[in-house]
Structure formats: structure tokens, C-alpha cells
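For the single chain, residues carry numbers from 1 onward in sequence order. Worth knowing before you read on, the calculation uses all heavy atoms, side chains too, and leaves out hydrogens, waters and symmetry mates.
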Amino acid sequence: METKQLKRLPVGIQTFSNIVEDDMLYIDKTEYIWNMIHLSKYIFLSRPRRFGKSLLVSTLQAYFEGRKDLFKGLFIETVEKEWTEYPVLRFSMASGKHMEKDQLERYLLNILEENERRWGIISDSKDPNIRLKKLIFNAYHKTGKKVVILIDEYDAPLLDVVHEKETLPVLRNVMRNFYSPLKDCDPYLQFVFLTGITKFSQLSIFSELNNLKNISMRPDYAGVCGITEEEMLTQMSDYIDDFAEALQITREEAVEELKLQYDGYHFTWPSPDVFNPFSLLNAFQDHDYTNYWFSSGTPTYLIEMLRKFNVVPSRIGGAKVLASAFDAPTENMKSITPLLYQSGYVTIKDYNRATKLYTLDIPNNELRVGLMDSLLPNYVHEYYDEGGTTIGYMYEALLNEDLDEMFRLLQAYLLTVPYCDNANSEGHYQQMLYVIFSLFGRYVDVEVHTPTGRVDIVMKTAKALYLFELKLNKSAETAMKQIDLKDYASKFSLCGLPIVKVGINFDPDRRTIGDWKINPAE
């Protein structure tokens, strides 16, 4: 059978012109662009990292530069008739991370100078805001056209210090000062577009831009970044077939596995299913289900904020909240929920119109496994590498339905882990097991309510449903008796899987499992 020639996938490519000129695959987002530029003069969009924001900015740049040749065959070619060329000033704040005040100001001057060189403008001002104002004014008078300003990752200099009370206000003032001319320059501006991960309040950053239109949660822009399920099934159909053939599975199986691993993002409700584009493109290229998004780096600010708000792993997802609880300005947040949502670690899974409550949860397996892997060092410290290997062996034992071997491995491993302040707490061990079981990529939940009480941990595999009761400094027999006495299993009798009851006792002095008892599947 003749193999169909597929276009090269633009993995890591964020420049629209490069994708088109090199004949790579491009998912057409130009209808969103057309609607955007006719919606408002000032637009803000928040999306997680590696979700295609920079490519969207690059596409906008090509459009406003009048590069009609790049849009052949795309939606916007069918509606745009004039193709006016505007002066475009593009600023990326992506490299402005981990900087102190003076460094950040020099960085701003540097990216201003890059734009000045493009327009043959010379300026020696040391104040970024004055320099930006002159740049806009001169670009307008040199071309006779209003100026387009595109700002990518506007919040990058602030994210890594969002947990630092002293540093954040200082850098926030630097950025507010830089953006301040945008209001005064309104007569000279054609369009202003800003992207970022988080939502800092307009009062603190864009104090003058009270007409900034935030499209982040508008249903008509739900698919502006990322790859929707419909786009994957249509524009990437041949890549699905190629993926399935390489892994020797059916097309239906490939779609289902890709959905479980990379799908599940909803930035409003209702919303189409949205895939993480970075992970999906890499998966198609490598014919693999690797956790690409997390392997590209877990932001340190996230781990720091989880610690600051004392968030236990099992409480990261599953919350029902009002929109104000997760769409709040980042610097004013009273919980970590806004940061988790805006950074893409939880997403909207449902909405009750009557109560106006949104259900937030971890989007997919890639996020759940990657997030728990990042949190594992909180429980095993510098023994993380050994822990990862042990967890691999534990998962193998679980697949073989050998729970005795799984617990023997964990028991021996925990004996090697140094003292932990919380090791005398049953909750510590509950959260540790939650993290480990989540790394298996299986469904797991804690404190699951039944008519007679709460099951400490419930885990579901393809072969069985496991009910875990944990005790501290008692006995596994005591734990098992509680499962039977309270008849926890009856709640799950219709789950369609054999039910395995497991009692575990932890020894706080030895900081490991003391004993365990397993009642075979019922």
C-alpha cells in the first residue's frame, strides 16, 4: 500500500511565515483573527504556556503587515479585500524572566531598540515608557498609518515572582510604567493585542486601558488556541491514521488514547474539547504518548504557590466554584485556584447554569501524571530518582495483580527515605499514596463518601476497583474490619468490576508500611 506523504509537523515552530513557506501543517485559525480585529481595538487573551499564543501573535503580525501571499487557501483570504500594510511593533516578554528591576528595565530597552532598528528610528531615552511613546509616534508619522502593537507573554517577568511579596510589586510597577503610554497613544493605534498566562488586574498593570476586551472566557473564542477535537479529526485525519498504523492499533483506539492523554481543556462553557497542541504534535511526530508538556519544564512558581497555600495533591482538582474564584486577578488571589486554572493545570469540566458553579478538574492523564511527578519530591526528597524506579516496579506488580509485591516494594523503599516532619500523620501517607497511584495513570480519589462513612482511597484499573483503608500505628486487620463493618463495598457494587479490599497500617516510628491485608476480589 502506498504511504501518503504528510506535511511536516511544526513542532516548536512559532513563526507563521516559516510554517507556510516551508509547507508545514497549519491549523487554520484565521477566522478567529478576522472576528477579533472587528470586535475591539484592545484585546487580551489568556492561555497556558505552549498553547499556540506566540503563533497566533505571529499570524496577526503577518496579517497586519499585509502579507497576502501567506494566507492563500485560508479563511481570511475569502473575506479580506484590502490587505492594508500597517506598521507593526511586536514585543515578546518571554525572555524577561528571573530578572531584578534594573535587569528588567534594560531588557525592555533592548526590545524597544530592536523595533526602533526595524523602522530606522534612533532614540537615546533611558525611560522605557518615554521610548515606547516616541516609537509609536515616529512609526505613525513615518508610514502615515496607525500602529499595531502585539505583546506576547506580557506577564512573563512577573510569574516567577508571583509568590514573592517584596519583589512582585517592584517588577509590577516596572511593567505598568512600560505599558502606560498605550492610552495616550490611542489616536495613533490601529490594534493592540496582548497575550499571557495569568490575569493581573487592569488596575495594577493596565491602569489606563479600561477598554481592554478580555476574550479568554468567551465561548466564540474557545478554540482560538490549541487544537479542537474537530480540527484533529478533519485537518489532522491522516496523522491519526499514521499514528495508529505505527502503534499497530485501530484508528478508534488511537483517538481514544490521544483524548485521554492530551484532550480535556475547556476555557469557557460550553466549549469544544481542546487538545494541548504542543503535546499532540509531538505525539504524532514521535508515535508515542510521552508527557511532552511537563517534560518541557514545570514552572517553579507553581510548586512554590502550592506550598504557600498548603495545597495537598488530592485537592488540586474536583472543586465546584464561581467564576470569580478562578478568573480572579493573580496578585489578589485568596487561593491557588486562579493560578492553577490560568496556567492550565485545572480546566472547566462542567457548569451548572442554575447555581452558576463551575466544576474544575485536571484536564487529562498527561497533566495528572506530570503534576504528581512534580509533587513526589515533597514526599521522598532527594530520593526522587530511586522513587521513580520503585514506582515503575510497583505499577508492574499492580498490572500483574500482585499487590503483595507492590506493597513489599513500597515498604522497602520508604525505609530508605529520611525523616519527614509529617510522617506521624495519616494524612501524609494518604497523600503520598494518592500521588503514587496517580503516577500509575489510573483513576484515583480520596475520602470517597459512602452512606456509612468515607473510603480513604479508591483506585480503579481495567481489572478491578480497589478500596484502601489506612491506619497509623494500629493494624491492617483493624483497617480491614472498618471496611467490612461499614460495608464500603456496597456503594460500588454496580461498578462492573471485581472489588478488592485493602487494609494498610503505617508504622510512624519506622516511617513505612507496618503491615497490610488484602481481601481478594468479590
Side-chain angles (χ1 to χ4, degrees), residues 14 16 26-40 42-60 63 74-76 79 152-153 193-199 212-236 255 258-281 293 317 319-328 337-353 356-364 366-367:
Q14 301 175 358
F16 175 69
Y26 174 70
I27 304 299
D28 190 358
K29 301 289 186 180
T30 60
E31 184 173 0
Y32 291 108
I33 287 177
W34 179 258
N35 293 335
M36 231 192 302
I37 61 180
H38 290 89
L39 175 69
S40 175
Y42 298 90
I43 299 280
F44 169 70
L45 174 69
S46 168
R47 285 294 184 269
R49 66 186 179 90
R50 292 192 175 277
F51 242 83
K53 299 188 300 296
S54 296
L55 176 57
L56 182 65
V57 169
S58 177
T59 311
L60 277 163
Y63 167 76
L74 299 179
F75 171 85
I76 210 164
V79 291
D152 195 11
E153 298 195 48
F193 182 65
L194 305 100
T195 78
I197 292 175
T198 54
K199 179 184 175 183
L212 186 64
K213 176 69 74 174
N214 184 356
I215 63 170
S216 305
M217 285 190 66
R218 284 180 58 121
D220 47 341
Y221 292 94
V224 66
C225 286
I227 297 172
T228 67
E229 183 176 5
E230 182 183 2
E231 288 168 341
M232 184 187 79
L233 294 175
T234 55
Q235 299 183 55
M236 306 183 80
V255 170
L258 289 167
K259 282 175 64 64
L260 288 172
Q261 188 72 359
Y262 306 121
D263 190 14
Y265 293 91
H266 308 101
F267 301 105
T268 183
W269 198 268
S271 167
D273 281 347
V274 179
F275 286 78
N276 182 316
F278 179 76
S279 296
L280 187 62
L281 291 175
W293 198 64
K320 292 182 184 294
V321 295
L322 294 168
S324 57
F326 63 89
D327 193 38
T337 303
L339 188 62
L340 286 173
Y341 169 76
Q342 293 163 21
S343 300
Y345 295 95
V346 298
T347 193
I348 299 170
K349 288 296 185 180
D350 198 7
Y351 175 64
N352 186 311
R353 194 169 296 278
K356 297 184 179 180
L357 288 174
Y358 291 83
T359 300
L360 303 182
D361 211 342
I362 297 173
N364 50 47
E366 178 186 29
L367 260 293

Output all residues satisfying side-chain contact (heavy atoms from CB on, under 4.5 Å) with [X], sequence neighbours left out; order by chain, then residue number.
{"X": "Thr195", "result": "Lys53, Val57, Asp152, Phe193"}
{"X": "Thr337", "result": "Phe326, Ser335, Leu360"}
{"X": "Glu231", "result": "Ile27, Lys29, Ile227, Thr228, Gln235"}
{"X": "Leu39", "result": "Ile43, Lys213, Ile215, Arg218, Tyr221"}

Testing the basics here: between [X] and [Y], what is the closest heavy-atom pair and its distance to 0.1 Å?
{"X": "Ser216", "Y": "Ser46", "result": "OG-N, 2.8 Å"}
{"X": "Leu260", "Y": "Asn364", "result": "O-CB, 3.3 Å"}
{"X": "Val274", "Y": "Gly226", "result": "CG1-CA, 3.9 Å"}
{"X": "Ala222", "Y": "Thr268", "result": "CB-CG2, 3.7 Å"}
{"X": "Ile197", "Y": "Pro48", "result": "CG1-C, 4.3 Å"}
{"X": "Pro219", "Y": "Pro270", "result": "CB-O, 4.0 Å"}

For Gly317, does its backbone N or O pair with a side-chain atom of Tyr345 as donor and acceptor, under 3.5 Å?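 Flag not set: sc Tyr345 to bb Gly317 has no pair under 3.5 Å.
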Check: His266 main-chain N/O paired with Ser271 side-chain donor or acceptor under 3.5 Å: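 Here the side-chain-to-backbone pair does not exist.
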pair [X]-[Y]: side-chain heavy atoms closer than 4.5 Å:
{"X": "Met36", "Y": "Leu45", "value": "no"}
{"X": "Pro277", "Y": "Arg50", "value": "no"}
{"X": "Trp269", "Y": "Thr359", "value": "no"}

Could you grab the distance from atom [atom1] of [X] to atom [atom2] of [Y], nearest 0.5 Å is fine?
{"X": "Glu366", "Y": "Asp263", "atom1": "CD", "atom2": "CG", "result": "11.5 Å"}
{"X": "Tyr63", "Y": "Thr59", "atom1": "OH", "atom2": "OG1", "result": "13.0 Å"}
{"X": "Asp28", "Y": "Leu74", "atom1": "CG", "atom2": "CG", "result": "4.5 Å"}
{"X": "Ser58", "Y": "Gln14", "atom1": "OG", "atom2": "CD", "result": "9.0 Å"}
{"X": "Phe267", "Y": "Thr347", "atom1": "CZ", "atom2": "OG1", "result": "5.5 Å"}
{"X": "Phe44", "Y": "Leu194", "atom1": "CZ", "atom2": "CG", "result": "7.5 Å"}

Are Arg49 and Trp293 in a cation-pi contact, defined as NZ or CZ under 6.0 Å from the six-membered ring centre and within 45° of the axis?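 That pair qualifies as a cation-pi contact.
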Is the distance between the ring centroids of Tyr358 and Tyr341 under 6.0 Å?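 That pair fails the under 6.0 Å test.
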Could you go through the side chain to side chain contact (heavy atoms under 4.5 Å, CB included) check for Leu60 and Ile33 one step at a time? CA-CA 7 Å; Leu60 277 163; Ile33 287 177; 3.6 Å; yes
Among residues at least two apart in sequence or on other chains, which ones pass ring-ring contact (aromatic ring centres under 6.0 Å, His included) with Phe16?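 Per chain and number, Phe16 pairs via ring-ring contact (aromatic ring centres under 6.0 Å, His included) with Tyr26, Phe71.
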Go through the steps for Ile348 and Met217 under the test side chain to side chain contact (heavy atoms under 4.5 Å, CB included), then give the verdict. CA-CA 11 Å; Ile348 299 170; Met217 285 190 66; 4.1 Å; yes
Just grab all the salt bridge (Lys or Arg N to Asp or Glu O under 4.0 Å) pairs involving residues 266-276, residues at least two apart or on different chains.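 Passing the test, one end in residues 266-276: Lys259-Asp273.
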Evaluate the criterion side chain to side chain contact (heavy atoms under 4.5 Å, CB included) for residue pair Asn35 and Asp220; output intermediate values, then yes/no. CA-CA 9 Å; Asn35 293 335; Asp220 47 341; over 6 Å; no
Going through the checks in order, is the side chain to side chain contact (heavy atoms under 4.5 Å, CB included) test met by Asn276 and Phe51? CA-CA 6 Å; Asn276 182 316; Phe51 242 83; 3.9 Å; yes
